[in-house]
Structure formats: C-alpha cells, structure tokens
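Only heavy atoms go into these numbers, but all of them, side chains included; no hydrogens, no water, no symmetry mates. Order of listing sets the numbers, starting from 1, for every ligand and every atom in it.
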Amino acid sequence: METATGQDLLERGARALGIALSERQLEQFAVHTSALAEWNGRVNLTSVTDPEAVPTRHFLDSLSCAVPVLPLLGADQTLTAIDVGSGAGFPGLPLAVAFPTLQMILLEATAKKAEFLEHAVAELGLQTVSVVHGRAEELARRPEYRDRYDLAFARALAPLPVALELCLPFVRPGGRLVLPRGSDLAAQLEAGHAAARELGARLLPTLPLTIDGLPPNRALVVAEKLDPTNRRYPRRVGVAAKRPLGASS
Ligand code: SAH
C-alpha cells in the first residue's frame, strides 16, 4: 500500500517537474508499488521497494525523463515510444501512466521480468502499453521496430556509448532518445558524442537535474536522431559492450 506521504511526495515532485497527476494516476502508481513488493520476493526486480522510497527513486526519477520532451508530450497527438531494458518498468511505466498519449513498448531481455511487466500492465489497466520479451540487438534489426519510434528511453541499461547503440536504432529520424545518467557521465560524454554520430544522431546539450531525495550529479542525455542508423548497428549480442563505439583505441 502506498502511504499518504508517498503519494504527496509524488504529486508534489511531479508538479515540480511540470507534470500534473490525477487521483486515478496516483492510484495507478500505488498499484505499481504493490505489484513490485508482491513480486520482488520471487523475481529480483529492484533493491528499492520501500513505499517511502519508491516514489522518488523510481517514479519521479522516471518521470524526469519526460522533461526534455514535455512540449511534445503536451500536444494532443499520439507518440510511439520504447523503453529499452525496462526491468521492473522504469522509466516506461510511470511515463505511460502520466502520459496517456504515449503508445509505449517495454522491451526486456529477462523472461521473468517481462512476465512481471505483463502482470503490472494488466493490473494498471493500461491499454497503451505492450511488453516485448527480447534483446535490443535482435529487435532493432526487425523492420517493424527499426528507425520507427518518436521517443526512446533507457535507465541503467549500460554505459553511455553502449546504451546509445542499443537504443538509437529504434528511433525515427527527427525522434529523440532520453537517457538519465549519473556521476559517471562526464567520463563517457566524449565517446557518447562519437557513438551518436556513428549511429546517425547527435547529442543535444545535457540537461542537469536536481530532484530532492536523489543523488546529485544526475543529468539527462538527450539524443536527436538525424538519419536512419547504418545497417551495421546494433552489432550482435554482447559486441556493443565488448567494443564500445567511440572508444579511443
Ligand atoms: N530500466 C530498469 C532496469 C535496469 S537494469 C531500471 O532502471 O530500473 C537493466 C535491464 O535491462 C535488465 O532488466 C536487463 O535484463 C535488461 N537488458 C540488458 N540488456 C538488454 C538488451 N540488450 N535488450 C533488452 N533488455 C536488456
């Protein structure tokens, strides 16, 4: 059960980000919190299940990914989005709850986590979300997923250049990828710029972000897709991590 303080925190925190949440949406967040607590014993979903911590560490952190694309999300038109390596649903599920105009795919490589996501989506009653069990390296090679999405997101998926290789092939030219990053960002940014270029995109200025209750040095990396990604990417499973794009050697 979500506590009153948790809900307050969430409602106020979201408002500070420029996102208004209705009673119904706050209830959906409470349902996600209960589902996490219920399944976490069986499936290793997250180390954070405390109802006091979930609103900040998971929900607000996820919602913050919307900040660089709020004008797009505020318009009345449907946008397609993919969350790559969604895990327990972050950031894709909170974004789908907050923005009903998003048609969201949650992509997850681990079967048990994908199963949890199916369960959570059903419990939340979200018609706009579908779960895909698979690997980015394989999905992004299928024409129906490639160079297609208006928006992509990924939290804690991989080091920056690797995350870019796994995510950017999904994004349509003109679309955006948003990656929340932590204190390791500065060291990865140069390789990130090179990787983005190689993948047909460019990194926009990084957006620093402060949320009460979250570690400092958080920032959102935003990439704009310019051209379809070269057919050579993403490379086969494991190669992006083994030989990251943009590495100096
Ligand atoms: N985004 C979630 C989970 C992060 S852990 C969060 O921030 O809480 C990274 C997740 O990505 C794991 O669940 C893992 O199974 C998944 N993953 C890793 N590599 C992947 C790939 N190549 N394709 C799809 N999912 C992947």
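- We find the CG-OG distance between Leu209 and Ser64 to be 5.0 Å, quoted to the nearest 0.5 Å.
- In this structure a side-chain-to-backbone donor-acceptor pair under 3.5 Å is present from His133 to Ala109.
- Between the side chain of Asn217 and the backbone N or O of Ser183, no donor-acceptor pair lies under 3.5 Å.
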Pick out the protein N or O atoms lying less than 3.5 Å from any N or O of ligand 1, and list each pair with its distance.
residue	atom	partner	partner atom	Å
ligand 1	1 (N)	Gly85	O	2.8
ligand 1	1 (N)	Phe90	O	2.7
ligand 1	1 (N)	Arg155	O	2.9
ligand 1	7 (O)	Arg155	O	3.3
ligand 1	7 (O)	Arg155	NE	2.6
ligand 1	7 (O)	Arg155	NH2	3.3
ligand 1	8 (O)	Arg155	NH2	3.0
ligand 1	13 (O)	Glu108	OE1	2.8
ligand 1	13 (O)	Glu108	OE2	3.1
ligand 1	13 (O)	Lys113	NZ	2.9
ligand 1	15 (O)	Glu108	OE2	2.5
ligand 1	15 (O)	Thr110	OG1	3.0
ligand 1	22 (N)	Arg135	NH2	3.4
ligand 1	22 (N)	Glu137	OE1	2.8
ligand 1	23 (N)	Ala136	N	2.9
ligand 1	25 (N)	Ala109	N	3.3

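- The only member of Thr128, Leu79, Val97 that meets side chain to side chain contact (heavy atoms under 4.5 Å, CB included) when paired with Leu102 is Leu79.
- In the model, Thr80 has a side-chain atom that pairs as donor or acceptor with a side-chain atom of Asp150 under 3.5 Å.
- A parallel orientation is assigned to the rings of Tyr145 and Tyr149, their planes being inclined by less than 30° (bins at 30° and 60°).
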